[in-house]
Amino acid sequence: MPSPRLSLYSPSIPRERARHAPAVRGPTIMIRSRLSALLSEGLVAAQAAGAVGATPAVNFNLERRDDELAHYSSSEALRLARIVGAPPRRIAEAIVANLPAAPVVSRVETAGPGFINFWIDDAWVMGQLAEILEAGAAFGGSQEGAGSRVQVEYVSANPTGPLTAGAGRGGVIGDALARLLDACGYDVTREYYVNDAGHQVEILGLSVYHHYAATLGEAAPFPADGYRGDYVSDWAEQIARDDGARWLGHGVPSDARAFEARAVEIGLGEIRRDLDDLGIKFDVWFSEQAMRDRGAVDEVLQALDGQGFVAERDGAVWFIGGAGADDRENVLVRSRGDPTYFAVDIAYHRDKFETRGFERVIDVWGADHHGHVPRMHAAMEALDRSADAGRLEILVTQMVGIRTDGELGRQGKRSGKFVTLREVLDEVGPAATRYFFLSKAIDSQMEFDLDLAKREDPENPVYYIQMAHARCAGIQRTAATAGAAGGAATLTDDDVALARRLLAFPEVVADACENREPHRVTHYLLDLARVFHSYYNKHRVVTDDAARTARRLELIRAVQQVLANGLGLLGIRAPERM
RNA sequence: GCCCCCGUAGCUCAGUGGAUAGAGCGCCGGCCUCCGGAGCCGGGUGCGCGCGUUCGAAUCGCGCCGGGGGUACCA
């Protein structure tokens with residue numbers, strides 16, 4: 001089988017990009033937004049009546065509780081107390097007294113030191129189920145992004161060896177973020193920066209060549225700091241098998257650049273296979289070599305120099321990031337004349353903003369790159385102050401520890417030994433791999449429990465959630481013959497509570513997107529699955545009561561839709577049966 | 001030394017400055033002739049320490065202690 005050919009994107013060539021259909025047609029149902037608007041109206045009315053003193057416009061905070069105290073609660077009156085100079089309790093009461101009526105609210109009251117507590121109307125909640133089903137796969141999304149062009153760059157591991165488990169975490173997070181941004185109305189480009197040039201690639205080429213020559217019976221030196229993994233000789237054997245002796249030179253490849261490209265091609269092929277199996281796709285594979293060939297690095301060096309951010313010292317060219325802070329001074333061009341990773345990365349990011357005009361760029365980096373963050377921001381600021389007014393976001397994912405049989409192994413190339421993504425994937429499969437990476441906040445170091453992740457039973461949260469979805473589908477298969485029935489249906493609090501849980505989904509998605517925290521979706525889904533399983537165990541959906549059966553089937557369809565949408569955001573399959 | 005991340009239940013981790021801090025796993029006990037199976041219910045211990053800001057701190061600030069990472073003319 002031929003190795004997969006990758007076409008590396010060169011930005012000077014126009015490229016067709018898939019335009020995604022808008023995620024949602026109408027305004028998204030978001031309970032807290034409605035309540036916030038009501039409260040603002042109530043405050044204005046209270047002020048007009050002279051019950052509350054003047055304030056600037058207030059954006060009322062709403063907390064979703066869904067407990068004995070309230071469905072939603074606002075503590076804004078406590079904060080207003082200082083501005084208005086009145087007791088919070090009295091402010092809250094004045095606002096509530098002036099609140100306009102709304103079908104979404106069944107009850108409002110003040111409580112404690114000045115909380116305003118809301119209860120959502122049961123009939124209104126059940127009425128929203130039709131809206132969920134109407135929105136279908138788009139439910140939960142929004143138009144918040146308004147088509148703004150955002151690039152998410154992730155993984156971008158050097159093609160000099162297999163992906164580590166840690167790279168998998170970054171990949172899954174970047175992919176989920178891209179899905180979230182897409183759902184929230186952004187125009188998303190997913191990009192992998194291919195480090196196919198420079199010193200590390202040279203060393204890779206020589207490392208592979210050493211084995212390649214040996215396979216063909218000739219000796220070639222192994223480079224200092226060469227790559228020592230078993231894969232190096234595997235790649236060499238593959239090249240010898242496919243290409244024969246055409247690369248043989250005298251101790252070095254006959255064409256070093258082309259041989260390096262050959263090795264990179266194999267490395268990238270393996271990386272892409274891993275990512276494919278994890279369900280991670282990219283719109284753009286950006287070639288560093290192509291960018292260098294266009295002279296982008298020289299251009300950016302000139303631009304920096306022209307603005308006085310460059311100084312020569314000890315034969316090297318340095319970036320002087322203003323104010324003379326030490327951590328803002330780094331080498332751009334080595335004394336031997338070649339640019340550093342830093343210089344090339346500045347050129348790359350300039351390309352993102354200036355050449356390709358992304359309004360926002362999100363980089364997902366591994367923890368080992370975090371020292372690079374401040375100087376990257378400094379460089380962007382130097383090039384164009386407006387370019388870094390929050391337009392470049394760098395998310396740093398923390399380390400991954402792999403736990404097997406209770407034993408913990410840490411990742412790290414320095415240790416020489418690390419668990420590959422492929423090993424994790426083969427062990428637990430893509431669904432569990434994605435789930436566990438997406439169940440922790442990105443800045444928290446995590447331990448991946450392989451023993452739990454590979455279980456295919458409900459003790460494993462990912463199967464528990466998928467099972468909830470399959471169960472919804474199963475109920476509908478059972479009820480396939482049941483026709484629609486009108487008439488009043490008697491429902492329970494559990495029906496309404498489950499439905500209300502569904503209406504929280506758009507709020508969770510919006511928060512996850514805004515905060516770049518996909519794990520919020522993961523936790524929501526686990527909670528929803530638990531509520532659903534509990535409901536299922538307690539209540540029968542399909543019964544002789546035709547009216548109630550119809551209502552409950554609608555509820556179950558909506559549950560299934562939300563589970564499917566949530567799993568979709570995480571890139572995890574939502575099976576019809578298990 | 002300096003910089004970054006983290007410290008919450010036995011373990012793995014959630015927790016927009018708000019009311020009584022949660023889930024999963026593990027452990028113990030009970031239920032389940034049920035649309036879909038491996039499902040459900042119950043049981044308990046915790047915010048590393050101190051000071052500060054605030055009406056209110058797991059959350060914000062400072063200082064310690066502990067863990068991890070970074071600190072190259074590597075990437």
Side-chain angles (χ1 to χ4, degrees), chain A residues 61-65 67-70 73-75 78-79 81-82 87-88 111-115 117 156-158 160 195 198-201 203 225 313-318 326-327 330-342 344-345 366-374 396-399 401 403 406 410 412-414 436 439-449 451-452 455-461 463-464 467-468 470-479 511 514-515 519-520 522-523 526-527 530 533-543 549 552-553 556 577-578:
Chain A
N61 76 316
L62 263 305
E63 179 194 10
R64 186 178 61 255
R65 300 187 60 96
D67 59 16
E68 321 79 53
L69 290 170
S73 176
S74 177
S75 61
L78 280 78
R79 274 164 238 184
R82 176 165 313 169
F115 296 105
N117 290 341
S156 297
N158 286 357
T160 52
N195 193 295
H199 192 50
Q200 293 305 311
V201 170
I203 292 177
D225 300 322
R313 197 186 303 157
D314 305 326
V317 177
W318 292 70
D326 285 349
D327 64 342
N330 292 278
V331 171
L332 293 166
V333 183
R334 299 184 187 90
S335 51
R336 69 167 189 252
D338 58 322
T340 60
Y341 163 81
F342 180 42
V344 176
D345 215 18
D368 54 336
H369 278 63
H370 88 254
H372 188 55
V373 174
V396 177
T397 65
Q398 285 299 318
M399 310 251 96
R403 178 187 292 274
R410 287 229 168 259
K413 287 176 180 170
R414 287 183 179 228
F436 282 93
S439 64
K440 328 286 189 201
I442 70 171
D443 51 6
S444 138
Q445 294 171 27
M446 63 165 286
E447 293 186 10
F448 199 116
D449 188 339
D451 300 322
L452 174 61
R455 291 173 67 164
E456 298 195 3
D457 60 38
E459 311 310 321
N460 182 347
Y463 285 94
Y464 184 79
M467 199 181 325
R471 225 172 203 187
C472 289
I475 293 168
Q476 287 164 75
R477 280 193 298 273
T478 302
D511 289 344
E514 272 173 40
N515 297 305
H519 72 275
R520 289 169 181 259
T522 314
H523 286 274
L526 184 58
D527 180 65
R530 193 176 52 249
H533 281 307
S534 182
Y535 170 90
Y536 171 90
N537 191 253
K538 192 169 164 189
H539 301 286
R540 243 190 121 75
V541 173
V542 182
T543 62
T549 298
R552 286 191 164 163
L553 280 172
I556 296 307
R577 42 181 102 226
M578 293 183 76

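For the numbers below, each heavy atom of this structure counts, side chains included, while hydrogens, waters and symmetry mates do not. Throughout, protein chains are lettered first and strands after them, A, B, ... in sequence-line order, and every chain is numbered starting at 1.
Per the geometry, CG belonging to D345(A) stands 17 Å off C1' belonging to C73(B), to the nearest Å. Spacing between atom CD of E447(A) and atom P of C11(B) amounts to 11 Å, rounded to whole angstrom units. The separation between H372(A) atom NE2 and A75(B) atom P is 10 Å, rounded to whole Å. For L69(A) and G22(B), the CG to P distance is 11 Å, given to the nearest whole Å.
Counting only heavy atoms from C-beta on, M467(A) has its side chain closest to A38(B) among A38(B), C25(B), A14(B). Distances were taken from every side-chain heavy atom of R65(A) (C-beta onward) to each of A19(B), C35(B), C55(B); the shortest belongs to A19(B). Closest contact between the side chain of L78(A) and the listed nucleotides C35(B), A75(B), C55(B) involves C55(B). Among the nucleotides C73(B), C35(B), A75(B), the one closest to the side chain of W318(A) is C73(B). Side-chain proximity of D443(A) to U12(B), C5(B), C73(B): nearest is C5(B).
Under the rule for a side-chain hydrogen bond (donor to acceptor under 3.5 Å, both in side chains), the partners of N61(A) that lie at least two apart in sequence or sit in another chain are S74(A), S75(A). For the salt bridge (charged side-chain N to carboxylate O under 4.0 Å, His left out) test, residues two or more places apart in sequence or in another chain that qualify with D511(A) are R32(A). Considering only residues two or more places apart in sequence or on other chains, R334(A) meets the side-chain hydrogen bond (donor to acceptor under 3.5 Å, both in side chains) condition with D338(A).
Here R471(A) reaches the OP1 or OP2 of G37(B): one of its side-chain N or O atoms lies under 4.0 Å away. Dashed line: the shortest gap from a side-chain N or O of H519(A) to OP1 or OP2 of G15(B) is under 4.0 Å.
Contact between F342(A) and V331(A) at its shortest, heavy atoms only, is CD2-O, 3.9 Å.
Distance noted for atom P between C65(B) and C25(B): 38 Å (whole Å). One P atom belongs to C51(B), the other to C11(B), and the distance between them is 26 Å to the nearest Å.
Within 3.5 Å, a donor on the side chain of N117(A) pairs with an acceptor on the base of A19(B), or the reverse.
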State the dot-bracket string of RNA chain B. Criteria: Watson-Crick or G-U wobble, both atom distances under 3.5 angstrom; notation: ( ) intrastrand, [ ] crossing earlier pairs, | interstrand, . unpaired. (((((((..((((....[...)))).(((((.......)))))....(((((..]....))))))))))))....
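Within the 4.5 Å cutoff, no side-chain heavy atoms of L69(A) are placed close to those of F115(A).
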Please write out each protein N/O paired with an N/O of nucleotides 59-62 of chain B under 3.5 Å, distance rounded to 0.1 Å.
none

Which pairs, protein N/O on one side and nucleotides 29-31 of chain B N/O on the other, fall under 3.5 Å?
none

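The aromatic rings of H523(A) and H519(A) sit perpendicular, their planes meeting at an angle over 60°, well past the 30° parallel limit.
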